[in-house]
Every structure is written in structure tokens, then in C-alpha cells.
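Any value given below was found using the heavy atoms of this structure, including those in side chains, with hydrogens, waters and symmetry copies removed. Throughout, a chain's letter reflects where its sequence line sits, starting with A, and its residues are numbered from 1.
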Number of protein chains: 2
Amino acid sequence: MSASTKLSNSVKALCFLANSNKPCNSNEISENTGINASKLRKLLSLLCKNLIVESNKGATGGFTLKKSSDQIHLQEIYCAIEDRKAFDLHSSSDNNLSNIFDNKVNSYFLDLFNNIQIDIENKMREIKLSDIINFIKNKK
Amino acid sequence: MSASTKLSNSVKALCFLANSNKPCNSNEISENTGINASKLRKLLSLLCKNLIVESNKGATGGFTLKKSSDQIHLQEIYCAIEDRKAFDLHSSSDNNLSNIFDNKVNSYFLDLFNNIQIDIENKMREIKLSDIINFIKNKK
DNA sequence: TTATTTGTTATAGTAAGTGTAACAATTAAA
DNA sequence: TTTAATTGTTACACTTACTATAACAAATAA
């Protein structure tokens with residue numbers, strides 16, 4: 001799954017959980033969101049580890065939100081599901097002479113991309129799950 | 001090539017051209033940057049179409065910068081090499097009941113990602129090729 | 001004990017990225 | 001006019017990543 005698909009799938013599942021007053025299992029969420037149950041469990045287990053949802057095994061188990069939707073921010077969802085690997089720039093390591101130049105350009109772009117990443121996360125930090133739920137409610 | 005690799009490769013080639021006072025062919029640039037000559041020609045032909053570099057075929061041909069390095073911005077390099085396709089969010093189209101909800105969440109994220117894209121391009125618009133060249137010169 | 005559910009691993013199929021080669025079209029120079 | 005060089009584009013084999021789903025052990029409530 002690409003980063004953006006993972007994020008929107010996570011939000012779809014979380015929206016469904018926010019609307020439910022009982023634990024929901026992966027099949028139930030799958031039927032209501034169209035996302036494959038196995039994929040859902042993978043995503044939700046990551047959200048569990050980051051204390052955004054709670055999971056319980058067994059007969060009456062399933063998933064529930066661990067916080068209210070106005071206390072869940074898009075940035076923490078993103079961080080939970082995405083291992084923010086540093087950008088790698090395919091340094092062309094065969095050419096000895098240009099390695100110093102190569103490294104300098106790469107370090108410039110690593111820095112730039114990291115700053116962009118920080119900007120994106122700051123933007124996401126200001127968006128609550130409840131904001132998205134409201135957007136969906138009000139959009140005709 | 002990923003977007004970031006394409007961008008850094010382009011900048012490496014452009015830095016080399018900025019430093020040269022004569023047309024350079026793709027083999028020459030390849031030897032000095034470690035980037036495959038065929039790949040370079042692909043990138044540089046895109047930069048040609050966007051009037052950032054000039055190309056000439058034939059015996060004494062090669063590539064030259066069409067503008068000075070302080071008139072070339074990172075954003076125009078990025079736009080030249082990247083066809084900014086809209087994000088697609090793998091809408092799960094099999095489930096009829098959830099399609100309305102699905103579309104709303106997707107439209108929310110399309111909007112968000114487009115805004116992020118605009119922010120990134122605005123950031124790149126403020127960076128000149130000459131800035132990167134200076135960074136490389138001064139970095140120890 | 002049994003049925004159910006999560007969490008994780010495996011797998012098969014598809015798509016995308018990578019590196020390189022090949023060659024037609026073009027063009028300056030001999 | 002001929003020749004050699006160069007770009008621009010297409011092709012191709014190879015690898016890597018992505019996608020969707022299945023399978024099953026571990027856990028757990030009934």
C-alpha cells in the first residue's frame with residue numbers, strides 16, 4: 001500500500017469505529033468500508049501499538065477507539081502506519097572522482113526532503129479525526 | 001526513477017553544465033556525475049522542452065544551460081521532469097453501500113494531498129540552482 | 001472444550017522502477 | 001557529398017516493490 005492509500009484506509013476504518021458504540025471485528029469493518037479484512041488487521045495492529053485503537057481477541061473481541069475522535073490527530077495516524085524511512089537518493093557509488101560532489105548534492109536533498117517531511121507532518125498535526133468526520137457529514 | 005532521484009540527478013547534471021563554458025555531451029556529463037548517459041539524455045530532453053537547457057545534435061553538439069543558474073528555480077526543474085499526476089487512492093469500488101462514504105473520504109484526501117503538493121512547490125520555487133551550487137562550494 | 005478473533009507470515013500475481021542497449025534522425029565538419 | 005558524432009526515443013531484460021488474499025498459530029471469551 002502506498003502511504004496515501006494506507007492513510008486513507010486507516011481513516012476510513014477509524015471513522016467507522018468512531019461511529020460505533022461496541023467493539024467491531026475486522027470482517028464487520030471490511031464489509032462497511034470495502035477494505036480487505038486482512039489488510040485492515042495489519043493497519044489496525046499498527047494503530048494498536050500506537051495507542052490509537054484497542055484490540056481484543058476471542059469471541060466477543062474486536063477493535064475500539066482508545067481516544068475520542070477529537071483527540072486523534074492525522075499526524076499520529078500517519079506516524080503509526082508509516083515507518084518514516086529516510087529518503088535514499090541512489091548515490092552512484094562507482095565513480096570515485098565525483099563521490100565528494102555526489103555526497104554534497106545528496107546531503108542537500110536529504111536535508112530538503114526532511115524539511116518537507118516536517119512541514120507535511122506539521123500540517124497533519126492540525127487535523128483531528130473529528131474534523132474529517134465533520135467534513136464527511138457536511139459534504140453533500 | 002523516483003521523483004527524488006530524478007530531481008537530484010537533474011540537479012547534478014545542471015551543476016556540471018553551469019560550471020562548463022562549452023557544450024557538454026551526455027558521455028562527458030555521465031563520466032563526471034556517474035549517471036548513465038542514456039538516463040541523462042532522457043532527463044535532459046525533458047529539461048530542453050521546458051527551456052532550461054539547450055541541446056544540439058551533431059559533431060560538436062551537446063547540452064548547455066539556457067539561463068544563468070540564478071534564474072533557474074528548483075520548482076521549474078521539478079515540473080519539467082515530473083508529470084504531476086493526481087494522487088489516486090485505490091477506491092474500493094466493489095462495495096456499493098459504502099461508495100458514497102468512500103468518495104467523500106477520498107475527496108478529502110485528494111484535497112489535502114493537492115494542498116501539500118502546492119506547499120512543496122512553493123518551497124521549491126524559492127530555491128535557485130545557484131543556491132545549491134553555493135551550498136556545495138561552501139560545504140566542507 | 002469450542003468457537004471466534006487478532007496478529008503475523010506466506011504466497012501468487014501484478015505493477016513499477018532500473019540499467020542498459022540499440023538505432024533512427026539530425027547535424028556539423030571534413 | 002560523405003562521414004562521424006550526438007540527441008531523442010524505443011525496447012528489453014531484470015529486479016524490486018506493491019497488492020490482494022489466504023492460512024494459521026496464539027489468545028480468549030463463552
**Student:** Rounded to the nearest Å, what distance is computed from the NZ atom of residue K22(A) to the P atom of nucleotide dA29(D)?
**Tutor:**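 Result: 17 Å.
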**Student:** Mapping A59(A) and L44(A) to their closest nucleotides on DNA chain C, which lands nearer the 5' end?
**Tutor:**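 Nearest-nucleotide comparison on DNA chain C picks A59(A).
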**Student:** Using atom CG of L40(A) as one end and atom P of dG7(C) as the other, report the distance to the nearest whole Å.
**Tutor:**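 Rounded to the whole Å, the gap is 12 Å.
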**Student:** To the nearest angstrom, how far is N56(A) atom CG from dA26(D) atom C1'?
**Tutor:**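 In whole Å, dA26(D) C1' lies 14 Å from N56(A) CG.
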**Student:** Looking only at side-chain N and O atoms, does N25(B) come under 4.0 Å of OP1 or OP2 in dT6(D)?
**Tutor:** yes
**Student:** Is the shortest heavy-atom distance from the side chain of F16(A) to the side chain of C24(A) under 4.5 Å?
**Tutor:**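 Yes, at least one pair of side-chain atoms sits under 4.5 Å.
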**Student:** Give a yes/no answer on whether the side chain of S45(B) brings an N or O atom under 4.0 Å of OP1 or OP2 in dT9(D).
**Tutor:** yes
**Student:** Does the side chain to side chain donor-acceptor pair (under 3.5 Å) test come out yes or no for N106(A) and K12(B), once each step is laid out?
**Tutor:** CA-CA 9 Å; N106(A) 284 343; K12(B) 283 170 197 169; 3.2 Å; yes
**Student:** Which nucleotide sits closest to the side chain of S55(B): dT10(D), dA30(D), dT7(D)?
**Tutor:** dT7(D)
**Student:** Using heavy-atom distances to pick each residue's nearest nucleotide on DNA chain C, tell me which of K42(B) and S26(A) is more 5'.
**Tutor:** S26(A)
**Student:** Salt bridge check: are E76(B) and K67(B) linked by an N-O gap of less than 4.0 Å?
**Tutor:** yes
**Student:** Check whether any side-chain nitrogen or oxygen of K39(B) sits under 4.0 Å from OP1 or OP2 of dG8(D), and answer yes or no.
**Tutor:**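 So the side-chain polar atoms of K39(B) never come under 4.0 Å of the phosphate oxygens OP1 or OP2 of dG8(D).
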**Student:** In whole Å, I'd like the distance from the CG atom of L46(A) to the P atom of dT8(C).
**Tutor:**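 Spelled out: CG on L46(A) to P on dT8(C) is 8 Å.
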**Student:** Does one side chain, of N138(B) or K104(A), offer a donor that lies under 3.5 Å from an acceptor on the other?
**Tutor:**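 Side-chain D/A pair, N138(B) to K104(A): absent.
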**Student:** Below the 4.0 Å mark, does dT21(D) have OP1 or OP2 next to a side-chain nitrogen or oxygen of N36(A)?
**Tutor:**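 N36(A) to dT21(D) OP1/OP2: side-chain N or O found under 4.0 Å.
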**Student:** To the nearest angstrom, how far is E54(B) atom CD from dT27(C) atom C1'?
**Tutor:** 14 Å
**Student:** Measuring from the side chain of K49(B) (C-beta onward, heavy atoms only), which nucleotide among dT7(D), dT9(D), dT20(C) has the closest atom?
**Tutor:** dT9(D)
**Student:** From dG8(D), dG7(C), dA29(D), pick the nucleotide closest to the side chain of R41(A)?
**Tutor:** dG7(C)
**Student:** Between atom CG in L43(A) and atom C1' in dT6(C), what is the gap in whole Å?
**Tutor:** 14 Å
**Student:** Tell me the interatomic distance from I29(A), atom CD1, to dT4(C), atom P, rounded to whole angstroms.
**Tutor:** 18 Å
**Student:** Roughly how many Å is it from NZ in K6(B) to P in dG19(C), rounded to a whole number?
**Tutor:**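 Distance, rounded to whole Å: 13 Å.
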**Student:** Kindly say whether I127(B) contributes a backbone atom to a donor-acceptor pair with the side chain of D131(B) at under 3.5 angstrom?
**Tutor:**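 No; judged by distance alone, with no hydrogens or angles, the pair does not exist.
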**Student:** May I ask you to verify if any side-chain N or O of S38(A) is less than 4.0 angstrom from the OP1 or OP2 atom of dA20(D)?
**Tutor:**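 So the side-chain polar atoms of S38(A) never come under 4.0 Å of the phosphate oxygens OP1 or OP2 of dA20(D).
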